[in-house]
Amino acid sequence: MSVKSNAPRRGFHVHGLQHQSFPRHSLSPIAAILTKLAKHLALIACLMIVGEASGRLNLGEVAIFLIVVASVALHSFAKAIERRLPISLSCPASMPKKAR
């Protein structure tokens with residue numbers, strides 16, 4: 001007697017979505033690192049603004065703007081990685097049941 005698992009297998013369709021060939025947990029550290037890097041860049045941008053306002057640093061507005069844009073881009077990319085695989089694919093118990 002074989003026991004069937006409810007977990008989706010790699011390469012199979014689940015509720016109309018193609019399951020990717022890599023697990024969700026392999027992307028989580030990358031997204032976490034990118035999010036943390038984005039937060040650090042935002043902090044650096046804030047410190048650059050304070051340094052510019054106090055007259056201690058002679059940076060241009062363009063440099064501050066580029067740091068902020070880099071921070072936003074990294075944060076957006078990290079969120080896109082997190083959304084790449086829906087949680088329902090990695091946790092079959094949370095999947096909605098088919099209508100009968």
Side-chain angles (χ1 to χ4, degrees):
M1 182 181 240
S2 64
V3 177
K4 289 189 176 182
S5 173
N6 290 335
R9 292 178 281 170
R10 292 182 180 174
F12 285 81
H13 289 279
V14 177
H15 295 290
L17 297 173
Q18 173 67 32
H19 188 264
Q20 300 294 328
S21 62
F22 47 87
R24 178 182 171 85
H25 59 80
S26 69
L27 294 177
S28 296
I30 296 170
I33 289 170
L34 289 176
T35 302
K36 190 170 275 275
L37 183 60
K39 288 180 181 182
H40 280 84
L41 282 176
L43 177 65
I44 289 172
C46 291
L47 292 175
M48 289 170 67
I49 291 169
V50 169
E52 183 81 26
S54 66
R56 293 184 182 180
L57 295 175
N58 191 9
L59 301 169
E61 292 93 7
V62 175
I64 296 171
F65 177 73
L66 290 177
I67 294 291
V68 170
V69 168
S71 174
V72 169
L74 282 175
H75 189 265
S76 298
F77 186 63
K79 290 298 177 185
I81 289 175
E82 287 178 357
R83 287 190 305 262
R84 187 172 185 123
L85 287 176
I87 293 174
S88 64
L89 290 179
S90 63
C91 184
S94 66
M95 296 167 85
K97 294 183 179 179
K98 287 185 177 179
R100 295 181 189 201

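When a residue number appears, it is its place in the shown sequence, counting from 1.
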For the atom pair CD1 (I64) and SG (C46), what is the distance rounded to the nearest 0.5 Å? 10.0 Å
Given side chains that start at C-beta, do those of L34 and H75 come closer than 4.5 Å, heavy atoms only? no
Can you name the nearest heavy-atom pair linking A38 to L74, along with the distance? CB-CB, 3.9 Å
What's the shortest heavy-atom distance between G51 and S54, and which atoms? O-OG, 3.2 Å
Test of understanding: clusters of I, L, V, M, F, W, Y form through side-chain heavy atoms closer than 4.5 Å, transitively. Do I33 and V72 belong to the same one? no
Out of curiosity, I49 CD1 to I67 CD1, how far, rounded to the nearest 0.5 Å? 11.0 Å
Can you name the residues that form a side-chain contact (heavy atoms from CB on, under 4.5 Å) with A42, not counting sequence neighbours? S71
The side-chain contact (heavy atoms from CB on, under 4.5 Å) partner of M48 among L43, L59, V68 is L59
Rounded at 0.5 Å granularity, tell me how far CG in L37 sits from CD1 in I44. 8.5 Å
Residue pairs meeting salt bridge (charged side-chain N to carboxylate O under 4.0 Å, His left out), one or both in residues 68-81, sequence neighbours left out, come to K79-E82
